[in-house]
2 protein chains.
Amino acid sequence: MCEPWNRVYVSPANFLPYGTKQVCKCYNAFMKSKTRKELSRPTGRPLSFDPDKALDRALDVFWRKGYEGASLSDLTKAMRINRPSLYAAFGDKENLFHKVLDHYAEGPASHSRAALQEPTSRAVVERLLYGTADMLSSDGNPRGCLWVQGALACGSSADSVRKELISRRLGGEAALRQRLKRAITEGDLPPDANPASLARYIAIIIQGMSVQAASGATRSQLRGIIDIALESWPSRRNT
Amino acid sequence: MCEPWNRVYVSPANFLPYGTKQVCKCYNAFMKSKTRKELSRPTGRPLSFDPDKALDRALDVFWRKGYEGASLSDLTKAMRINRPSLYAAFGDKENLFHKVLDHYAEGPASHSRAALQEPTSRAVVERLLYGTADMLSSDGNPRGCLWVQGALACGSSADSVRKELISRRLGGEAALRQRLKRAITEGDLPPDANPASLARYIAIIIQGMSVQAASGATRSQLRGIIDIALESWPSRRNT
DNA sequence: GCACATCTGTACTGGCAGGTACGGAAGTCA
DNA sequence: TGACTTCCGTACCTGCCAGTACAGATGTGC
């Protein structure tokens, strides 16, 4: 237990006086019973890189090249750390990819979860779609969506990663479906609306836009699509 | 010139008395000046496999695993030929992939071109979408679209393949755009319709369905999406 | 200062990737 | 029959892949 690759990184701003620190995954229980002071810096040589920045850079590589296309040499070069540091800090390639997926969900793709908080279903899907279009066409971001192009079709060695991405995509769709169900009970969508089909429709638009972005579609082109797609949405456009 | 990997295969049913035969790419010019008889079987040991069937099997592997995920060992095993036979018959991996793409366009994806022949724009997009949904959910086919998942994001060594797929996707979209332009002049679509946006919209639906299929969507689920998607189509439903 | 803990960089491993050399087999043609 | 052409199968090549051993560096606590 507490294998090094299961460590959770805590950035200095949280509670540590300097540098970054590694804490075991039992960190939560640890926090309950220990005071801040006892969590102060451990002995040993300190980490010479910022794990968050390293994850940022790893995200860029995986996003651009996909799971299989990103070699460890690509990754270590971009992350500016050596191979053993990567393994000590993040575990193997697959483990790093999982951490990168979380990093992506909390960063570039954070608009997805935020969109569900909008008051009406119309506002939810508009924020979801336009937010995605912006993310897909944002300067500095690789073109496309990591959930789609991380591992859509791949060799058998990457199969678990492929399945993980499928479940993340379906999970996002399920969250939207729940939100649309709520909209029906709230009278925000007509009672005969089909939340499952509507959620799937939005998912398809998002995933299709992702492929289009990978083909070079611009922001205004993506927004033009959304305008068409929302014409069939069963509720009025927000002023 | 006439490198072995540039050969074009002619299936026996075309004009040869038996077996399959390799003909140089200068085949067209050759046909103009030579008679059928002069194209009869050459000397040498005959091919021990059917190149068409081998391409079928290679298609299955690339379709399922993508360009990078399909190793030469996967391919030769599925094609039931040895490595040197593959290289002699199809060139290197990239060349084989190009031939597989053609094979795909003429086979499983042939409905795309056929759909453009429909008399009205509505019929065109309906056949395009429902045909694609059927293809994506057909038993025996890998789930998804080769043009999308062949190489959406990949390492630099596969970059030319990625670009080739982009141009094939954009080519399909351009063909649809032309067809929709024609529909406007024919009064089949309103004069203020935007063929570029509409074609891009349909492309997004198709590509989104492809990702959904890769996530396990069923035929009826895909068809349900199309019903929603076509509600915003600017012309009446057929019949 | 010294024991201890942790991280870093170099250099390495076994295995598989794509690709090929070459001798022998299986045909045609005269 | 034998020269010639083409294909097949074994066995191999180089290079990169993910992953690791190990010695030295850099910190803490006493």
Side-chain angles (χ1 to χ4, degrees), chain A residues 2-5 7 9 16-24 37-51 54 58 61 65 67-77 79-97 154-158 161, chain B residues 2-5 7 9 16-24 38-51 54 58 61 65-77 79-97 154-158 161:
Chain A
C2 281
E3 303 288 354
W5 51 83
R7 285 172 184 169
Y9 291 92
L16 289 175
Y18 57 90
T20 51
K21 180 174 181 302
Q22 298 182 1
V23 182
C24 286
K37 190 166 185 184
E38 286 171 283
L39 266 176
S40 67
R41 200 180 192 301
T43 66
R45 182 171 176 175
L47 224 55
S48 67
F49 62 95
D50 180 342
V61 175
K65 303 194 168 189
Y67 178 74
E68 275 187 321
S71 74
L72 276 182
S73 300
D74 294 331
L75 290 165
T76 51
K77 192 176 171 188
M79 296 166 84
R80 299 176 208 176
I81 60 178
N82 286 309
R83 211 169 275 234
S85 296
L86 187 154
Y87 277 85
F90 304 102
D92 62 8
K93 188 185 178 186
E94 183 172 340
N95 230 295
L96 171 62
F97 188 69
C154 55
S156 42
S157 67
V161 167
Chain B
C2 281
E3 303 288 354
W5 52 82
R7 285 171 185 171
Y9 292 92
L16 289 175
Y18 57 88
T20 50
K21 180 175 182 301
Q22 298 183 2
V23 182
C24 287
E38 287 171 282
L39 266 175
S40 66
R41 200 178 193 302
T43 66
R45 182 172 175 174
L47 224 55
S48 67
F49 62 94
D50 180 341
V61 175
K65 303 194 168 189
Y67 178 75
E68 276 187 322
S71 74
L72 276 183
S73 300
D74 293 331
L75 290 165
T76 52
K77 191 176 172 188
M79 297 165 83
R80 299 175 209 177
I81 60 178
N82 286 308
R83 209 169 275 235
S85 296
L86 186 153
Y87 277 86
F90 305 103
D92 62 9
K93 188 184 178 186
E94 183 171 341
N95 231 293
L96 171 62
F97 188 69
C154 55
S156 42
S157 67
V161 166

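Below, chain A is the first sequence line, B the second, and so on; all start at residue 1. Source: prediction; values computed, not measured.
- The CG atom of L72(A) sits 8 Å away from the P atom of dC17(D) (whole-angstrom rounding).
- Here OG1 of T76(B) is found 7.0 Å from CG of L86(B). Values are rounded to the nearest 0.5 Å.
- The distance between atom NZ of K77(A) and atom P of dG9(C), rounded to the nearest whole Å, is 17 Å.
- Under the 3.5 Å distance criterion, the side-chain polar atoms of K65(A) are left unmatched by any main-chain donor or acceptor of D74(A).
- The OH atom of Y67(A) sits 14 Å away from the P atom of dC17(D) (whole-angstrom rounding).
- Atom CG of D74(A) and atom C1' of dA18(D) are 13 Å apart (whole Å).
- The residue among S73(A) and P84(A) whose nearest nucleotide of DNA chain D is located toward the 5' end is S73(A).
- Rounding to whole angstrom units, CG of residue L96(A) and C1' of dA18(D) are separated by 13 Å.
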Report the C-alpha distance between N95(A) and F90(A) in whole Å, list the side-chain angles of each, state the deciding distance to 0.1 Å, and finish with yes or no for side-chain contact (heavy atoms from CB on, under 4.5 Å). CA-CA 6 Å; N95(A) 230 295; F90(A) 304 102; 5.8 Å; no
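- Side-chain atoms of R83(A) and base atoms of dA18(D) include a donor and an acceptor less than 3.5 Å apart.
- Computed from coordinates, the D50(A) CG to dT8(C) P distance equals 12 Å when rounded to whole Å.
- For the pair R45(A) CZ and dC7(C) C1', the interatomic distance rounds to 5 Å; values are reported in whole Å.
- For the pair S48(B) and dC8(D), the criterion of a side-chain N or O lying under 4.0 Å from OP1 or OP2 is met.
- Whole-Å rounding puts the L47(B) CG to dG9(D) P distance at 11 Å.
- Regarding contacts with the backbone of dC7(C), every side-chain N or O of S85(A) stays at 4.0 angstrom or more from both OP1 and OP2.
- We find the CG-CE distance between L72(A) and M79(A) to be 9.5 Å, quoted to the nearest 0.5 Å.
- For F49(A), the side-chain atoms get nearest to dT8(C) when compared with the rest of dT8(C), dT26(D), dG19(D).
- You'll find that the side chain of D92(B) is closest to dG19(C), out of dG27(C), dG19(C), dG19(D).
- The distance from atom CD of E68(B) to atom OH of Y67(A), rounded to the nearest 0.5 Å, is 13.0 Å.
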